[in-house]
Amino acid sequence: MSIKIRDWCILILLALLSFGFWYNLEYPRFAFVDLPINKHQALTAADNYLKSQGIDTKKYTRAIVFYPNEGFNRYFQHAAGLKAQEDFIREHDFDLFRWAVRFFEESKKEEYLVYLSPRSGKVIRFNHTIEDTEPRLDPGKELAKQQAQNFLQSSFGVDLSRYDFHEEKVKRYENRTEYVFSWEKRNVYIPWRSGKGGAKLLAEATVAGNEIRQFNKNKFDIPDEFNRYVEKQSILGAALYNIFYCLLFAALVWAISIVLKKRQEILPRLVKRWFYGVAGFLMAINIANVFNNLQNIYMNYPTSARLGSFIGLVISKWLFSVGFLVLSFIMPGIAGESLCSEVFADNQKRSFFGYIRSGFFNRSLAQAVVLGYLFWVIMLGAQAVIFYQGQRLLGVWREWNTLAYFSSSYLPLFSAFVISISASFNEEIIFRVFGISVVKKYLRSLILAVLLTSLLWGMGHTLYAIFPVWFRIIEIGLLGIFLGIAFIRFGIIPLIVAHYLFDVFWCSAAYLLGQGPRPLFYSAAGLLILPAGVAVLAYYFNRPQQEKPVKTTLDKTQEYNLELLVTFIRVKKSQGISAKAIENELISNHWDQILVKLAIAEVFGG
């Protein structure tokens, strides 16, 4: 792959400009992220809190996950904006993120859920679930209210003189009566839309006998109308994703049919072993990642079922997803390589085929990796501008789900690596190598190929936490157009690198740019420089880019067909027909393209 100096200069300038956009528009999001309390510290703090309440924690299974306050985050972004959200967090000592530690026993309803601040390690919310028939003495409403007030003041230093009484609820069970009291912080009201209500900040406690069974230091009370709006958006996202999934399944069936049709041709036989190897690697790391995320499974375990049965059910579903991931990599990959060699015959290194024949560890690969880094920075800047305009004009907002998901893993950055490397290989193979090639072949339009695959790629991201969900199609679609153009000009390797870096960065940005545990910072940085390490090795070894002779890979049937083609082409040549005309005639009659080229080279020379 030869890249002109002019192209390098343009890409470097675009990357510098994009970094400037990203730094000014996106970096401020992470400036206030403060996560010094790690998982072990949070687990220890939760354990100590329960022990201070006289609870024997040894008999309980523990689960710990990290998650954002999704309701608060989405509401504030939509109603007031990011700057107002940051100011609110500082003013009211509000925690956007939380560690949640669950203590439970298999098949027993009673459990404890302790929420801790990742900034201070202090307990900010608590829930003790008990049987509905659990007996408790009834202290009476007034005494229970005083008990709740004393608890909030002594445990959290809540100055109830700055609060107005908000609500009281009484719930009668068979053997006890529970009282729920909440106080509303004065002068805190964030309106959503005119006449649609607004959010309030509450302090809440539930009294059951002599116990504060539940409490929440800062409960962000969101109007129901907004929750209904979010639910409607989520349903729309699911509907769009279902359309995408049907189209993806149709594309997979199409890819399988192409592979079956071309299974005896040379190119599929040459590339399939490489695709099987990469698929095996993806399968192995994804299976390992299933067990890396057992904490999420434990947190969602319903104690009405057997723990082993529930884990088995969840893992079996994950393994099915892994199997589909592998299948959707192999089949579109082999089919895409075959189609790509037809529609982009001028550059065999546009896909993996050229590298498979000549080797990967050379300076061509190093150059492609450097391009990938430039594309990554350009994508970050483009996304920053897209989101800025979306937030300014359309009220777009985002959530922190990826950070929450990875933080709950045993090895957080391993999950980030697995998701990023899997998405980069799978999606670039499906939407660029296969998608663009198949659309170009049958619709004969490169513009339509790029646009349609980008649109479909965008639809595949509508389940992500971006609202309104249709904006995700615009955002990802525009990035897809850039990647499609880059694929046509520079090939697949830079796209794989850029996509991997893009996903890894957003999975670990809070660790890199915010205040958090240093080991996670270094691990995240290591994932980002991993492709650079590969590039250095490729540049150093710089193995000769000499393609292996295709003739040595032919089986007996292909050798016989080659002899037939040579005889046929010699006859055509004697009739004065050009090599190009003969080639077009044979390929239009579905002869193996590589076999045709070999025969023409033997007859015409070259």
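Along the sequence shown, residues are numbered consecutively beginning with 1. No hydrogens, no waters, no symmetry mates; every other heavy atom, side chains included, goes into these values.
Ring geometry for Y245 versus Y241: interplanar angle of 30 to 60°, hence tilted. Ring geometry for F431 versus F244: interplanar angle under 30°, hence parallel rather than tilted (30 to 60°).
In terms of heavy-atom proximity, L452 sits nearest to L443 at CD1-CD1, 3.9 Å. Looking at every heavy atom in both residues, H499 comes nearest to A423 through CE1-O, 3.8 Å. Closest non-hydrogen pair, Q295 versus V65, comes out as O-CG1, 3.9 Å. W506 and W22 get closest at one heavy-atom pair: CH2-NE1, 3.9 Å. Listed here is the closest heavy atom pair of A498 and G372: CB-O, 3.4 Å. Here the closest non-hydrogen pair linking F375 and A486 is CE1-CB, 3.7 Å.
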Inset, instruction - Go through S328 and L248 one step at a time and tell me if the side-chain contact (heavy atoms from CB on, under 4.5 Å) criterion holds. - result: CA-CA 9 Å; S328 62; L248 179 65; 5.7 Å; no

Inset, instruction - Might you work through the side-chain contact (heavy atoms from CB on, under 4.5 Å) test for V497 and V534, ending with a clear yes or no? - result: CA-CA 11 Å; V497 174; V534 174; over 6 Å; no

Legend entry - side-chain contact (heavy atoms from CB on, under 4.5 Å) between L267 and Q593, intermediate numbers included: CA-CA 9 Å; L267 192 146; Q593 186 176 3; over 6 Å; no

Legend entry - Full working for side-chain contact (heavy atoms from CB on, under 4.5 Å) between F324 and S321: CA-CA 5 Å; F324 184 79; S321 299; 5.7 Å; no

Inset, instruction - Apply ring-ring contact (aromatic ring centres under 6.0 Å, His included) to the pair F568 and W591, showing each step before the final yes or no. - result: CA-CA 13 Å; F568 175 81; W591 277 90; 8.2 Å; no

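A donor-acceptor pair under 3.5 Å is absent between the side-chain atoms of S18 and the main chain of G381, judged by distance alone. The main-chain N or O of S424 is never found under 3.5 Å from a side-chain atom of D503 such that the two would form a donor-acceptor pair. Using modelled atom types, no side-chain atom of N289 and backbone atom of I419 make a donor-acceptor pair closer than 3.5 Å. In this structure, the side chain of S508 does not engage the main chain of Y511 through any donor-acceptor pair within 3.5 Å. Not one N or O on the side chain of R269 forms a donor-acceptor pair closer than 3.5 Å with the backbone of Q264. For S420 (side chain) and F417 (main-chain N/O), no donor-acceptor pair under 3.5 Å exists by modelled atom type. Counting only distance, with no hydrogens or angles, the side chain of E26 and the backbone of A384 share no donor-acceptor pair below 3.5 Å. Side chain of Q233 to backbone of V469: a donor-acceptor contact under 3.5 angstrom is found. Side-chain atoms of Y373 come within 3.5 Å of backbone atoms of A532 as a donor-acceptor pair (strictly under, hydrogens ignored). Side chain of S338 to main chain of A335: no donor-acceptor pair is present (N/O by atom type, distance under 3.5 Å, no hydrogens or angles).
With rounding to the nearest 0.5 Å, the separation of CG in L446 from CZ in F344 is 5.0 Å. A distance of 11.5 Å separates CH2 of W274 from CD1 of I330, quoted to the nearest 0.5 Å. Taking CG from L339 and CD1 from I258, the interatomic distance works out to 4.5 Å, rounded to the nearest 0.5 Å. A distance of 14.0 Å separates CD in E583 from CD1 in I577, rounded to the nearest 0.5 Å. Interatomic distance, CZ of F414 versus CG of N293, reported as 9.5 Å (0.5 Å rounding). The line from OH of Y410 to CG of N292 is 8.5 Å long, rounded to the nearest 0.5 Å.
Proximity of V290 to N286: side-chain heavy atoms (C-beta onward) are nowhere separated by under 4.5 Å. The closest side-chain heavy-atom distance from I474 to F471 is below 4.5 Å. Looking at heavy atoms from C-beta onward, W376 lies out of side-chain contact with P531 at the 4.5 angstrom threshold. Side-chain contact check for N300 versus V314: every heavy-atom pair is 4.5 Å or farther apart. Between K572 and V603, every side-chain heavy-atom pair lies at or beyond the 4.5 Å cut-off. Counting heavy atoms from C-beta outward, P412 and F66 have side chains that stay 4.5 Å or more apart. In this structure the side chain of Q367 reaches within 4.5 angstrom of the side chain of W8, judged on heavy atoms. Annotation: side chain of Y500 is in contact with side chain of L527 (closest heavy-atom distance under 4.5 Å).
Residue Q575 qualifies as enclosed at atom CD: its count of foreign heavy atoms under 6.0 Å is above 12.
Within the structure, no pair that satisfies the salt bridge (Lys or Arg N to Asp or Glu O under 4.0 Å) test touches residues 317-326, not counting sequence neighbours. For residues 254-266, the pairs satisfying salt bridge (Lys or Arg N to Asp or Glu O under 4.0 Å) are K262-E265, K262-E342, with sequence neighbours left out.
Under the 6.0 Å distance and 45° angle rule, K573 counts as a cation-pi partner of F604.
Taking the six-membered ring for Trp, F21 and Y388 have ring centres at least 6.0 Å apart. Not less than 6.0 angstrom separates the ring centroid of F281 from the ring centroid of F425. Aromatic pair F352/Y355: ring centres not closer than 6.0 Å.
A side-chain contact (heavy atoms from CB on, under 4.5 Å) with E475 is found for one member of L478, I473, L479 and no other, namely L479. Among the candidates N561, V566, L562, T567, the single residue satisfying the side-chain contact (heavy atoms from CB on, under 4.5 Å) test with L564 is N561.
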